[in-house]
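Data block below; observations after.
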Amino acid sequence: MLFSLQSLLLIFLSAVAVRSAVVPAVGTSGHFLATQSIDEPQGKNITINGVLTYVSLPKRHFNPRTAVLLLTDVFGLPSPDNLLLADQWAAAGFATYAPDYLNGDAIPPDGNVTEWIVRHGEAQTTPPLLAVIDALKEHGVTQIATTGYCFGGLYVTRLVQNNTITVGTMAHPSFLDVPADFELMKAQSRIPIEINNAELDTGFTVTLAEETDELMVGQYAPGYLRQQFDGVGHGFAVRANASDPVQVAAKDGAFKASLEWFIAHLK
């Protein structure tokens with residue numbers, strides 16, 4: 001049977017459409033929930049270029065021209081887990097900035113993600129994020145290492161695609177379009193990217209993670225790495241039950257992997 005060029009093109013586009021998948025949101029009940037930590041956040045909330053930002057600085061000497069930009073999950077700055085994670089980056093030697101790119105509207109622990117996401121499209125969340133990045137650059141920061149968790153993974157992806165940052169990592173990302181987002185990354189980005197995924201994640205599933213590998217491994221010159229952590233689910237890189245050694249090891253392992261990635265790609 002002979003096909004016209006137009007017919008072949010339609011068949012090809014239909015195949016792509018079937019294969020494409022948007023990583024779904026994971027409801028609040030699907031996130032790992034930590035036991036109450038006895039640690040207190042060490043940073044401060046500061047307004048940067050009009051955006052409330054949690055800032056945590058190292059207690060020892062650090063390079064003021066390098067910054068970690070932490071993009072939180074949907075629980076935002078009200079979650080102590082996110083603040084303690086920023087403190088962990090500061091303890092590793094990086095001035096760390098976690099902007100409230102959720103515009104003061106983080107989802108509560110019992111919130112409805114489907115309703116919440118309507119108010120948090122890229123048109124609403126990108127401007128405050130870029131405002132903080134612009135301010136950091138204006139104040140002499142020349143290297144921005146960005147780490148994003150859950151919802152924040154989408155924005156790490158956008159910053160990598162647009163060559164806005166120096167290096168990126170993300171853990172259990174949501175709302176990515178596989179393969180489209182990674183095809184775009186391959187087409188125009190110069191930024192290395194690392195992904196930490198969870199075996200039991202119902203959003204960025206193992207199947208989607210492996211499809212991402214097929215697109216990126218050996219095909220993305222700036223650098224690509226994915227590490228999977230078994231026995232844990234969505235949210236594992238932000239919070240862990242201190243009494244569960246599998247969760248603790250996975251959270252620590254994801255941080256270590258991201259830290260090593262940053263060190264390898266920063267000057």
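The figures that follow rest on heavy atoms only: side chains count, while hydrogens, waters and symmetry mates do not. This structure is a prediction, so every number in the text was calculated from the model and none was measured.
Summarising the geometry, atom CG belonging to Leu176 is positioned 7.5 Å from atom CE belonging to Met185; distances are rounded to the nearest 0.5 Å. Here the CG-CD1 distance, from Leu136 to Ile48, works out to 6.0 Å after rounding to the nearest 0.5 Å. Here the straight-line distance linking atom CG of Asp87 with atom CD of Gln42 works out to 6.0 Å at 0.5 Å rounding. To the nearest 0.5 Å, the span separating CG on Leu259 from CG on Asp252 amounts to 12.0 Å. Going from atom CD of Gln247 over to atom CG of Asn241 covers 5.5 Å, rounded to the nearest 0.5 Å. Expressed to the nearest 0.5 Å, how far OG1 of Thr157 lies from CG of Asp177 amounts to 10.5 Å.
Residues Ile144 and Lys137 have side chains in contact (heavy-atom distance under 4.5 Å, counting atoms from C-beta outward). Put simply, the side chain of Leu154 reaches to within 4.5 Å of the side chain of Glu122, judged on heavy atoms. Side chains of Trp116 and Leu102 form a contact here, defined as non-hydrogen atoms less than 4.5 Å apart. Side-chain contact between Glu211 and Leu208 is present, with heavy atoms from C-beta onward closer than 4.5 Å. In this structure, the side chains of Met216 and Arg226 stay at 4.5 Å or more apart for every pair of heavy atoms. Between His234 and Cys150, the closest side-chain pair of non-hydrogen atoms falls below 4.5 Å. Tyr224 has its side chain within reach of Val217: a pair of non-hydrogen atoms, C-beta onward, lies under 4.5 Å apart. Contact of the Asn162 side chain with the Gln188 side chain is registered, since non-hydrogen atoms from C-beta on lie closer than 4.5 Å.
Closest approach of Val141 and Pro64 over heavy atoms only: CG2-O, 3.7 Å. Considering all non-hydrogen atoms of both residues, Asn82 and Gly76 come closest at ND2-O, 2.8 Å. In plain terms, the two heavy atoms of Glu199 and Val206 that are nearest each other are O-CG2, 3.5 Å. The two residues Pro41 and Leu84 make their nearest non-hydrogen contact at N-CD2, 3.9 Å. For Pro58 against Gly93, the heavy-atom pair with the smallest separation is CG-C, 3.5 Å. Across all non-hydrogen atoms, the minimal contact from Phe229 to Ala254 is CZ-N, 3.5 Å.
Cluster annotation: Val74 is connected to Leu69 through the hydrophobic network of ILVMFWY side chains, with a link wherever side-chain heavy atoms come within less than 4.5 Å. No chain of hydrophobic side-chain contacts below 4.5 Å, direct or via other Ile, Leu, Val, Met, Phe, Trp or Tyr residues, connects Ile107 to Tyr54. Ile46 and Leu52 are not part of a single hydrophobic cluster, where members link through side-chain heavy atoms under 4.5 Å apart. Under a hydrophobic-cluster definition in which Ile, Leu, Val, Met, Phe, Trp and Tyr are linked whenever side-chain heavy atoms come within less than 4.5 Å, directly or via other members, Ile133 and Tyr97 are assigned to the same cluster. Clustering ILVMFWY residues whenever any of their side-chain heavy atoms sit less than 4.5 angstrom apart, transitively, puts Leu83 in a cluster other than the one holding Val55.
No donor-acceptor pair under 3.5 Å is formed between the side chain of Asn49 and the backbone N or O of Asp134. Here the side chain of Lys186 pairs no donor or acceptor atom with the backbone of Gln219 at under 3.5 angstrom. A donor-acceptor pair is defined here as one N or O able to donate and one able to accept, closer than 3.5 Å; no such pair exists between the side chain of Asp81 and the backbone of Val238. Proximity of a side-chain donor or acceptor of Arg60 to a complementary backbone N or O of Ala91 within less than 3.5 Å is detected. Between the Glu260 side chain and the Ala257 main chain, no donor and acceptor come within less than 3.5 Å of each other. Panel note: side chain Thr53, backbone Val51; a donor-acceptor pair is recorded below 3.5 Å.
Taking the side chain to side chain donor-acceptor pair (under 3.5 Å) definition, one finds that Ser189 meets it with Tyr220, sequence neighbours left out. In terms of the ring pair (Phe, Tyr, Trp, His ring centres under 6.0 Å) criterion, residue partners of Tyr155 (sequence neighbours excluded) are, by chain and number, Tyr101, Phe151.
We find that Arg239 and Asp73 are joined by a salt bridge, their nearest charged nitrogen and carboxylate oxygen being less than 4.0 Å apart.
The number of heavy atoms from other shown groups lying within 6.0 Å of CZ (Arg119) is above 12.
Within the structure, ring pair (Phe, Tyr, Trp, His ring centres under 6.0 Å) pairs that include any residue of residues 239-267 comprise Trp89-Phe255, Trp89-Phe262, Trp261-His265 (at least two apart or interchain).
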*Verify side chain to side chain donor-acceptor pair (under 3.5 Å) between Gln143 and Lys267, making sure each step is shown before the conclusion.*
CA-CA 8 Å; Gln143 296 188 111; Lys267 298 176 181 178; 6.0 Å; no
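Side chains of Thr169 and Thr147: a donor-acceptor N/O pair is present below 3.5 angstrom, by distance only. For the 3.5 Å distance criterion, the side chains of Asn196 and Gln227 fail to qualify, holding no donor opposite an acceptor.
In summary, of the residues considered (Ile193, Val156, Val68, Leu129), a side chain to side chain contact (heavy atoms under 4.5 Å, CB included) with Thr146 occurs for Val156 alone. Screening Val23, Asn197, Asp201 against His172 for a side chain to side chain contact (heavy atoms under 4.5 Å, CB included) leaves a single residue, Asp201.
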